[in-house]
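Structure record follows, encoded as structure tokens.
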2 protein chains.
Amino acid sequence: MSGASEPQGIQGAFRALSDPTRRGILMFLSEQDMTIGEVSERFEITRAAVKKHLTILEQGKLISVHARGRERINHLEPRALKSVSDWLRYFDQYWDNRLAKLQDVIERQEQNKSKSTK
Amino acid sequence: MSGASEPQGIQGAFRALSDPTRRGILMFLSEQDMTIGEVSERFEITRAAVKKHLTILEQGKLISVHARGRERINHLEPRALKSVSDWLRYFDQYWDNRLAKLQDVIERQEQNKSKSTK
DNA sequence: TTATAATAATACCAAAAGGTATTATGTCAA
DNA sequence: TTGACATAATACCTTTTGGTATTATTATAA
């Protein structure tokens, strides 16, 4: 009833991405890690509202948070974004078969590479 | 205040994708076009609830709807999914530089190809 | 040690989302 | 033309979301 055949955890990522403020936060965090205060400076909403967005991003595993003294550093976690990207990749075939095939080839190369590193 | 530097319309797509039922509907529609009734058979919620999801998918331009007699045919529109995929591609660099570079090359080939067809 | 700055935690509110139930409308087939 | 069926349109309810305001904590610096 809740996304049977989907990779676990992807719902949290999609949910987190559904808000434009949160997508903006991800963009900022891609440039550098930030405290809640630094993120808040870049938006016109209250710090508490920003904190809620950061919590949802953390629940979706799109960011991680580490304490540093009295501050909390928010850090981008790109792997969860990759899981969303992978979900979308299924539809590649519907907009461009050639691109999909090339990406398949690349994926296989990646797999072989990680096997040989083991 | 509402996603300043984002491509127009992407919010509707992200919103539509944030619900697991809607993602399931997209999967089914990728196999074949369906009426509301056919979609409803595949879920345990009422037809009216399915209709609401289809409306949100249509608003996000992820599907199109065409009347055929007394039925309404729902059809997958992959281009909007591509816009989401493109947004995510920005983050490729953070999880795998090699893959990102290869994709850049592919994109450029696509651009040249479409130029030469004009 | 104490004032201050950064963050957390509540409590609260309005609006949107997700759903059901019910009623209306339009179209096909006999 | 009329009955049945597919869909549309409302109305209504509950839960979640996005936000503010206010009140704790907690750690650093003087």
Side-chain angles (χ1 to χ4, degrees), chain A residues 1-4 6 9-29 32-75, chain B residues 1-4 6 9-29 32-75:
Chain A
M1 191 170 283
S2 60
E6 287 187 340
I10 203 170
Q11 170 56 25
F14 269 115
R15 177 203 177 206
L17 287 174
S18 70
D19 180 90
T21 299
R22 289 195 287 266
R23 292 196 299 277
I25 291 175
L26 289 180
M27 286 300 213
F28 284 126
L29 290 184
Q32 54 175 318
D33 292 356
M34 289 185 188
T35 65
I36 296 177
E38 288 170 332
V39 174
S40 300
E41 287 171 8
R42 290 162 168 82
F43 296 90
E44 290 177 348
I45 58 180
T46 63
R47 185 179 303 228
V50 168
K51 175 62 168 67
K52 284 198 178 181
H53 285 305
L54 289 170
T55 299
I56 291 173
L57 286 168
E58 192 182 5
Q59 287 172 348
K61 301 197 197 313
L62 273 61
I63 67 171
S64 58
V65 185
H66 308 98
R68 190 178 63 192
R70 66 182 160 183
E71 295 178 331
R72 293 172 67 78
I73 308 299
N74 298 278
H75 173 78
Chain B
M1 193 169 286
S2 61
E6 287 187 341
I10 202 171
Q11 170 56 27
F14 269 116
R15 176 203 178 206
L17 288 174
S18 70
D19 181 271
T21 299
R22 289 196 288 267
R23 292 197 299 278
I25 291 174
L26 290 180
M27 286 301 215
F28 284 126
L29 291 184
Q32 55 174 318
D33 293 355
M34 289 184 189
T35 64
I36 295 176
E38 288 170 332
V39 174
S40 300
E41 286 171 9
R42 290 163 169 80
F43 295 91
E44 290 177 349
I45 56 180
T46 63
R47 184 180 302 232
V50 168
K51 174 62 169 68
K52 284 197 178 182
H53 285 305
L54 288 170
T55 300
I56 291 173
L57 286 169
E58 192 183 6
Q59 287 171 349
K61 300 196 199 314
L62 271 62
I63 66 170
S64 60
V65 185
H66 308 99
R68 191 178 63 192
R70 66 181 160 182
E71 296 178 331
R72 294 172 66 79
I73 308 299
N74 298 278
H75 172 77

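Chain letters run A, B, ... following the sequence lines, proteins first and then strands; every chain starts at 1.
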Please table the atom pairs, donor to acceptor, closer than 3.5 Å between any side-chain atom in residues 48-63 of chain A and protein atoms at least two apart or in another chain.
residue	atom	partner	partner atom	Å
K51(A)	NZ	T55(A)	OG1	3.2
H53(A)	ND1	R22(A)	NH1	3.1
T55(A)	OG1	K51(A)	O	3.0
Q59(A)	OE1	R15(A)	NH1	3.1

Would you check if [X] and [Y] make a side-chain contact, meaning some heavy-atom pair closer than 4.5 Å?
X      : Y      : answer
R42(A) : M34(A) : yes
V65(B) : I73(B) : no
D33(B) : H66(B) : no

Could you go over nucleotides 16-21 of chain C and give all protein N or O partners under 3.5 Å, atom names and distances?
residue	atom	partner	partner atom	Å
dA17(C)	OP1	R15(B)	NE	3.1
dA17(C)	OP1	R15(B)	NH2	3.1
dA17(C)	OP2	R15(B)	NH2	3.4
dG18(C)	OP2	R22(B)	NH1	3.1
dG19(C)	OP2	H53(B)	NE2	2.2
dG19(C)	N7	K52(B)	NZ	3.1
dG19(C)	O6	K52(B)	NZ	2.3
dT20(C)	OP2	T46(B)	N	3.0
dT20(C)	OP2	T46(B)	OG1	2.7

Taking all non-hydrogen atoms of both residues into account, name the closest pair between S18(A) and F14(B) and its distance.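 Looking at all heavy atoms of both residues, the shortest contact is CB-O, 4.0 Å.
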
Gap between atoms [atom1] and [atom2], on [X] and [N] respectively (whole Å):
X      : N       : atom1 : atom2 : answer
L54(A) : dA6(C)  : CG    : C1'   : 14 Å
E38(A) : dT7(C)  : CD    : C1'   : 13 Å
K51(A) : dG18(D) : NZ    : P     : 15 Å
F14(A) : dT16(D) : CZ    : C1'   : 20 Å
E71(A) : dT7(C)  : CD    : P     : 5 Å
I36(B) : dT7(D)  : CD1   : P     : 5 Å
N74(B) : dA6(D)  : CG    : P     : 15 Å

Mind checking what makes side chain to side chain contact (heavy atoms under 4.5 Å, CB included) contact with E41(B), not counting sequence neighbours?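 In terms of side chain to side chain contact (heavy atoms under 4.5 Å, CB included), with neighbours along the sequence ignored, E41(B) is linked to no residue.
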
Kindly write out the residues that satisfy side chain to side chain contact (heavy atoms under 4.5 Å, CB included) with R47(A), not counting sequence neighbours, or none if the list is empty.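 In terms of side chain to side chain contact (heavy atoms under 4.5 Å, CB included), with neighbours along the sequence ignored, R47(A) is linked to I36(A), S40(A).
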
Write out a two-atom table: protein N or O, nucleotide N or O from nucleotides 3-5 of chain D, distance below 3.5 Å.
residue	atom	partner	partner atom	Å
dC5(D)	O2	R70(B)	NH1	3.4

Excluding sequence neighbours, so at least two apart, what forms side chain to side chain donor-acceptor pair (under 3.5 Å) with S64(B)?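 S64(B) satisfies side chain to side chain donor-acceptor pair (under 3.5 Å) with E77(B) only.
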
